[in-house]
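Read through the structure below, which is laid out as structure tokens, and then see the notes.
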Amino acid sequence: MVSICGECLERAGLKMPHGARGIIDCSIVPRVGDLVHCDNNFGTIHGFVKQVKEFRGDTVIVGTAYEDESRDYTFEASVIYGVLTEAFCYLWGEQVYCRSQDEKDGE
């Protein structure tokens, strides 16, 4: 579990209050649209959750999904630790996010 908070993924269905926790599954191959636990390409920010926007060869482009799209930005993730599968307000409180299982993982 990781601690997460913020509003940068509201359009993706995730608005996290301070103190929220997320479950990260390291065995899932990310797909476009998934929320992933990652580092930025400069290695200056470690372990935050962003949305997979696209794949460019071996490069994964991630970014934000603010309600106000003019605030969005994207960048190359240097490391993907895993995919966010569920998120809860505080420890095992109300579920505020659940990953879609519409498609088979890794396809």
Side-chain angles (χ1 to χ4, degrees):
M1 288 189 85
V2 296
S3 181
I4 48 181
C5 66
E7 61 185 39
C8 71
L9 294 168
E10 280 184 314
R11 219 171 55 253
L14 179 66
K15 182 176 181 181
M16 300 301 299
H18 183 70
R21 305 293 256 165
I23 297 173
I24 304 298
D25 188 330
C26 301
S27 69
I28 297 174
V29 175
R31 60 185 186 228
V32 171
D34 274 341
L35 304 182
V36 293
H37 190 232
C38 62
D39 286 353
N40 70 351
N41 57 331
F42 299 111
T44 56
I45 302 176
H46 301 286
F48 51 17
V49 176
K50 295 294 176 245
Q51 186 175 41
V52 175
K53 300 296 184 175
E54 67 178 294
F55 293 94
R56 294 180 190 159
D58 292 337
T59 302
V60 181
I61 305 301
V62 298
T64 58
Y66 284 100
E67 284 293 326
D68 175 1
E69 293 181 38
S70 70
R71 296 177 61 193
D72 282 345
Y73 61 92
T74 60
F75 57 91
E76 178 183 333
S78 62
V79 176
I80 303 286
Y81 297 108
V83 174
L84 180 72
T85 57
E86 295 179 78
F88 300 88
C89 287
Y90 309 102
L91 188 58
W92 305 115
E94 174 190 359
Q95 184 183 51
V96 294
Y97 174 81
C98 185
R99 179 179 182 259
S100 169
Q101 295 296 319
D102 292 342
E103 300 175 31
K104 291 178 106 178
D105 291 329
E107 293 185 3

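Here the structure is a predicted model, which means the values were calculated and not measured.
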Test log, rule side-chain contact (heavy atoms from CB on, under 4.5 Å), inputs Phe55 and Ile61: CA-CA 6 Å; Phe55 293 94; Ile61 305 301; over 6 Å; no
Lys50 and Cys8: CA distance, side-chain angles, deciding distance, side-chain contact (heavy atoms from CB on, under 4.5 Å) verdict: CA-CA 8 Å; Lys50 295 294 176 245; Cys8 71; 3.1 Å; yes
Full working for side-chain contact (heavy atoms from CB on, under 4.5 Å) between Glu86 and Arg21: CA-CA 9 Å; Glu86 295 179 78; Arg21 305 293 256 165; over 6 Å; no
Give me the atom names and distance for the closest heavy-atom approach of [X] to [Y].
X	Y	value
Arg31	Ser100	NH2-O, 2.6 Å
Ile80	Cys38	CD1-CB, 3.9 Å
Asp39	Phe75	O-CE1, 4.4 Å
Leu14	Val96	CD1-CG2, 4.5 Å

Salt bridge (Lys or Arg N to Asp or Glu O under 4.0 Å) partners of Glu10, counting only residues at least two apart: Lys15
Partner residues of Glu76 under the salt bridge (Lys or Arg N to Asp or Glu O under 4.0 Å) criterion, sequence neighbours left out: none
Side chain proximity check, Val49 to Val36, heavy atoms < 4.5 angstrom: no
Side-chain heavy-atom pair Tyr97, Leu35 within 4.5 angstrom cut-off: yes
Rounded distance (nearest 0.5 Å) linking atom OH of Tyr81 with atom SG of Cys26: 10.5 Å
Sidechain-backbone polar pair: Gln51 side chain, Gly63 backbone, donor-acceptor under 3.5 Å: no
For Thr85, all residues meeting side-chain contact (heavy atoms from CB on, under 4.5 Å), sequence neighbours excluded: Ile23, Asp25, Ile28, Arg99
Worked verdict on Val52 versus Val60 for side-chain contact (heavy atoms from CB on, under 4.5 Å): CA-CA 7 Å; Val52 175; Val60 181; 4.1 Å; yes
Side chain to side chain donor-acceptor pair (under 3.5 Å) partners of residues 58-67, not counting sequence neighbours, each pair once: Thr64-Asp72
With sequence neighbours excluded, residues passing side chain to side chain donor-acceptor pair (under 3.5 Å) with Glu69: none
